[in-house]
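Okay, structure first, notes after.
In what follows, chains are A, B, ... by sequence order, proteins preceding strands, each numbered from 1.
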Protein chains: 2
Amino acid sequence: MRQPDHPAIDTVQLTEVLAALADPVRLSLVATLADGGARTCGEFDLPVAKSTLSHHMKVLREAGILTSRVEGTRCFVALRPELEDRFPGLLGRILALAAPPLTG
Amino acid sequence: MRQPDHPAIDTVQLTEVLAALADPVRLSLVATLADGGARTCGEFDLPVAKSTLSHHMKVLREAGILTSRVEGTRCFVALRPELEDRFPGLLGRILALAAPPLTG
DNA sequence: TTTCATGTTCGTCGAACATCGAACATGGTG
DNA sequence: CACCATGTTCGATGTTCGACGAACATGAAA
């Protein structure tokens, strides 16, 4: 598996970030990552097929919200720290208002 | 023209608000209203047809972001104050990070 | 090497969305 | 009343989105 591309943080648009977060599955994903830790895709227990999960990861990655790093056969994801530089306080505010992560 | 319906603020979902703001035209609309004043739809100088503008107003209204009030043949819109109760700090943070309103 | 685990990519589907112009409704104005 | 201004609603069009399963790629384990 090739390492995935990440956009330069300066090119990320606010509306793109908002659109990425305007989905319950993705918002739940991000909420789970809010502790700053990294996780593999498989650790998320969400009611979607793995291809769908992969799609959501891609959307979040392309919106500058998370980073993926391939390690062996697994893929670690985590929040992207530069997002805070680009849009200070945005993610924190949204996550503070979001419901706790979905499980199941 | 009948007065338009507004959703109870408690029923508004965060993802719905984010989705409504995840559009450049709508975000620009909201940014223009950020001073708290009311405006008629016609005052917005945006590069869309008036039917499209009307549609965007409806989306923002149904997301609890703005209120419409019909007066004679005109329609006054303004930010909806209760949104701040429902999602404190959200709109302020987003607008602080948004580019200034489009013109033209 | 064969097998398994983990993700990604691809093709497809229906639903939702953004946009437009036309038609309509309503209310002032002359 | 006829006319104009202001918006809304409707129908059509094309695009994007979220979802799925199948197929593929990769690396680890047996």
Original post:
Which heavy atom in Ala63(B) sits nearest to a heavy atom in Val17(B), and how many Å separate them?
Top reply: O-CG2, 3.6 Å

Subject >> Candidates dC20(D), dC20(C), dG7(C) - which lies nearest the side chain of Lys50(A) >> reply: dG7(C)

Original post:
How is Val48(B) classified with respect to the nucleic acid when contacts are heavy atoms under 4.0 Å: base, sugar-phosphate, or nothing?
Top reply: sugar-phosphate

Original post:
Can you check side chain to side chain contact (heavy atoms under 4.5 Å, CB included) on Arg39(B) and Phe76(B), steps first, answer last?
Top reply: CA-CA 5 Å; Arg39(B) 284 170 183 72; Phe76(B) 288 88; over 6 Å; no

**OP:** Return the nearest nucleotide to the side chain of Val25(A); candidates are dT6(C), dT9(C), dA19(D).
**Re:** dA19(D)

Original post:
The side chain of Arg26(B) lies closest to which of these nucleotides: dA18(C), dT8(D), dG21(D)?
Top reply: dA18(C)

Original post:
Do Thr73(A) side-chain and dG7(C) base share a donor-acceptor contact under 3.5 Å?
Top reply: no

**OP:** Return the nearest nucleotide to the side chain of Thr52(A); candidates are dT8(C), dA19(D), dC10(D).
**Re:** dA19(D)

Original post:
Mind checking whether Leu79(A) and Glu84(A) have side chains closer than 4.5 Å, heavy atoms only?
Top reply: no

**OP:** Report yes if at least one side-chain N or O of Ser51(B) is closer than 4.0 Å to OP1 or OP2 of dT9(D); otherwise report no.
**Re:** no

**OP:** In whole angstrom, give the distance that lies between atom CD of Glu16(B) and atom P of dC17(D).
**Re:** 19 Å

Original post:
dG7(D) C1' sits how many Å from Leu46(B) CG, rounded?
Top reply: 15 Å

Subject >> Arg2(B) CZ to dG27(C) C1', straight-line distance once rounded to whole Å >> reply: 16 Å

Original post:
Which nucleotide sits closest to the side chain of His55(A): dG18(D), dG7(D), dA22(D)?
Top reply: dG18(D)

Original post:
If you take all heavy atoms of Val12(A) and Pro7(A), which pair is closest and at what distance?
Top reply: CG2-CG, 4.1 Å

Original post:
Would you say His6(A) and Pro4(A) make side-chain contact, with heavy atoms under 4.5 Å?
Top reply: yes

**OP:** Assign each of Val59(A) and Gly72(A) to its nearest nucleotide of DNA chain D by heavy atoms, then name whichever residue's nucleotide is nearer the 5' end.
**Re:** Val59(A)

**OP:** Let me know the distance between CD of Glu62(A) and P of dT8(C), rounded to the nearest Å.
**Re:** 12 Å

Original post:
Atom CG of Leu53(A) and atom P of dG7(C): how far apart are they, to the nearest Å?
Top reply: 9 Å

Subject >> Minimum-distance nucleotide to His56(A) side chain [options: dA19(D), dC20(D), dT8(C)] >> reply: dA19(D)

Subject >> Whole-Å gap separating P (dG7(C)) and CG (Leu60(A)) >> reply: 16 Å

Original post:
Atom CZ of Phe76(A) to atom C1' of dA5(C): distance rounded to whole Å?
Top reply: 14 Å

Original post:
In whole angstrom, what separates Glu43(A)'s CD from dA5(C)'s C1'?
Top reply: 14 Å

